[in-house]
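Below is one structure, written out as structure tokens; comments come after it.
For the single chain, residues carry numbers from 1 onward in sequence order. The structure displayed is predicted, hence computed values, not measured ones.
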Amino acid sequence: NLQWADLQGANLRKADLQGANLWDANLQEADLHQANLQDTDVTDEQLATAKSLEGAIMPDGTKHE
């Protein structure tokens, strides 16, 4: 459970966050390159603030290009 966590600027490259609760977490400038976000509780608005989503597995299971 990472709800309300301040992950601003965090290096989360290749992190396995599958099923994590990221509701209201601060993802501004977080590096989510190749992270597994499948089934996470996160909004598109939060993800839009991330530094990188390249190669990440998105909450719906698709791969971000």
Handout entry: From CA spacing to verdict: side-chain contact (heavy atoms from CB on, under 4.5 Å), L22, D41
Key = CA-CA 5 Å; L22 296 172; D41 188 6; 5.9 Å; no

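Considering all non-hydrogen atoms of both residues, H64 and M58 come closest at CB-SD, 3.7 Å. N36 approaches Q38 most closely through the heavy-atom pair OD1-N, 3.0 Å. Considering every non-hydrogen atom in both D31 and S52, the closest pair reads OD1-CB, 3.6 Å. Closest of all the heavy-atom pairs between K14 and Q34 is CE-OE1, 2.9 Å. Minimum interatomic distance between L27 and Q46 (heavy atoms only, all atoms of both residues): CB-O, 3.9 Å. In plain terms, the two heavy atoms of T40 and L17 that are nearest each other are CG2-O, 3.0 Å.
The shortest side-chain heavy-atom distance between L2 and W23 does not fall under the 4.5 Å cut-off. Two residues are said to be in side-chain contact when any heavy atoms from C-beta on lie closer than 4.5 Å; L53 and L37 meet this criterion.
Using modelled atom types, no side-chain atom of D24 and backbone atom of N26 make a donor-acceptor pair closer than 3.5 Å. Panel note: side chain E54, backbone L32; no donor-acceptor pair is recorded below 3.5 Å. Between the side chain of Q28 and the main chain of G9, no donor-acceptor pair closer than 3.5 Å is present.
Rounding to the nearest 0.5 angstrom, the gap separating the CG atom in D6 from the CD atom in Q8 is 6.0 Å.
Side-chain heavy atoms closer than 4.5 Å link hydrophobic residues (I, L, V, M, F, W, Y) into clusters, and following such links, even through other members, never connects V42 to I57.
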